[in-house]
Amino acid sequence: MIALFQQTDYWVILSIGLIVGYLSGLLGKGGSAVSTPALQIFAGVNPFFALASPLPASITSTISATAVYSKEKLFDKRVIGLGALFGVPATVVGAFFSHYLKGETLMICTALFIMAIGTTLLISFLKKPSSVVATDEHFHTGLMILAATGIGLLSGLLANAGGVLFSSFFIKRLRMPIKQALACSIVLSAILSIPGAIAHWYLGHIDWNIALLLSVTAIPSSYLGAKTAVKMKTPLLEKVFACTLIVFGLYDIIYTVFS
């Protein structure tokens with residue numbers, strides 16, 4: 001505990017946990033994509049620790065938000081089951097490859113992909129009111145397996161929970177209403193964070209002092225973020241989600257290129 005409070009910028013880390021936790025609950029994501037650059041820029045954390053230390057906090061914050069979504073009965077067990085079944089082993093594989101590969105190019109490509117998704121979603125949300133209801137004709141088992149495997153690999157490589165990619169896939173391909181998509185993605189974020197955290201801990205990439213500090217504020221703030229999402233009107237939530245994807249993608253590109 002003494003070492004914990006000797007952390008130079010622990011108030012900054014607590015503030016990052018507060019903000020990232022709220023966004024995690026609001027947008028159905030783990031938050032590592034935001035917290036990793038923030039830890040390096042504002043708290044001066046070592047890049048390896050900044051990459052993986054947010055993962056344990058992602059587990060606790062997403063579980064906290066899940067408590068809110070569970071009350072609304074928004075979970076699709078089939079989607080969550082397949083996502084976990086194929087995403088978890090892919091996350092482990094990706095995490096171990098991260099020890100050997102440089103992730104800058106991959107991060108830029110992922111950020112560009114997220115920006116493209118956000119832009120197309122925003123255009124579609126602005127064109128017509130959202131009244132889409134997912135049906136069995138929109139569900140394709142093979143596509144779900146492929147997506148879970150690919151997102152799991154990226155999650156392991158980039159040490160994040162994959163929430164943004166899952167929720168975007170659910171909205172774009174499975175035609176889920178946004179609140180259900182966020183609910184399912186945040187459950188999968190929690191599940192995929194566990195093997196990712198274990199693998200990166202084994203590789204020595206996690207500073208548990210930082211992880212604990214992030215969790216302290218991320219747990220209550222993610223719960224509040226999920227409550228906000230549930231109460232927010234769907235058209236507004238859709239636009240906020242799409243715009244946030246664009247901002248996050250741009251943020252990650254600028255950070256990766258100029259850091």
Is there side-chain contact between [X] and [Y], with at least one heavy-atom pair below 4.5 Å?
X	Y	answer
Tyr22	Thr228	yes
Leu182	Phe241	yes
Val187	Thr62	no
Val68	Val230	yes
His140	Leu174	no
Met144	Phe169	yes
Glu238	Leu122	no
Ile206	Trp208	yes

Is it true that Ser61 and Tyr223 share a donor-acceptor pair across their side chains at a distance under 3.5 Å?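 Side chains of Tyr223 and Ser61: no pair found under 3.5 Å.
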
Looking at every non-hydrogen atom in both residues, tell me the closest pair between [X] and [Y] and how far apart they are.
X	Y	value
Ser193	Ser58	OG-CB, 3.5 Å
Leu214	Pro54	CD1-CA, 3.7 Å
Ser185	Phe166	CB-CB, 3.9 Å
Gly162	Ser189	C-OG, 4.4 Å
Ala148	Phe86	CB-CB, 4.1 Å
Ala211	Ala57	O-CB, 4.0 Å

[X] side, atom [atom1]; [Y] side, atom [atom2] - distance, nearest 0.5 Å:
X	Y	atom1	atom2	answer
Thr149	Leu82	OG1	CG	10.0 Å
Ile16	Ser35	CD1	OG	7.5 Å
Met232	Lys179	CE	NZ	8.5 Å
Ile194	Ile63	CD1	CD1	6.0 Å
Met115	Leu245	CE	CG	10.5 Å
Ser222	Leu26	OG	CG	11.0 Å

Within one Ile-Leu-Val-Met-Phe-Trp-Tyr cluster: [X] and [Y], side-chain cutoff 4.5 Å:
X	Y	value
Val247	Val20	no
Leu18	Ile13	no
Ile254	Leu112	yes
Ile198	Ile191	no
Val216	Ile59	no

Start with the C-alpha gap between Leu212 and Tyr10, add the side-chain angles, then the distance that decides, and say whether side chain to side chain contact (heavy atoms under 4.5 Å, CB included) holds. CA-CA 10 Å; Leu212 179 58; Tyr10 75 91; over 6 Å; no

Ile19 and Thr217: CA distance, side-chain angles, deciding distance, side chain to side chain contact (heavy atoms under 4.5 Å, CB included) verdict: CA-CA 8 Å; Ile19 296 169; Thr217 47; over 6 Å; no

Run the side chain to side chain contact (heavy atoms under 4.5 Å, CB included) test on Phe170 and Leu188 for me, step by step, so that the C-alpha distance in whole Å, both residues' side-chain angles and the decisive distance to 0.1 Å come before the verdict. CA-CA 12 Å; Phe170 296 154; Leu188 286 170; 3.7 Å; yes

Give the intermediate values and the outcome of side chain to side chain contact (heavy atoms under 4.5 Å, CB included) for residues Leu153 and Thr91. CA-CA 5 Å; Leu153 284 169; Thr91 300; over 6 Å; no

So, does Ser64 use its side chain to make a donor-acceptor pair with the main chain of Thr60 at under 3.5 Å? no

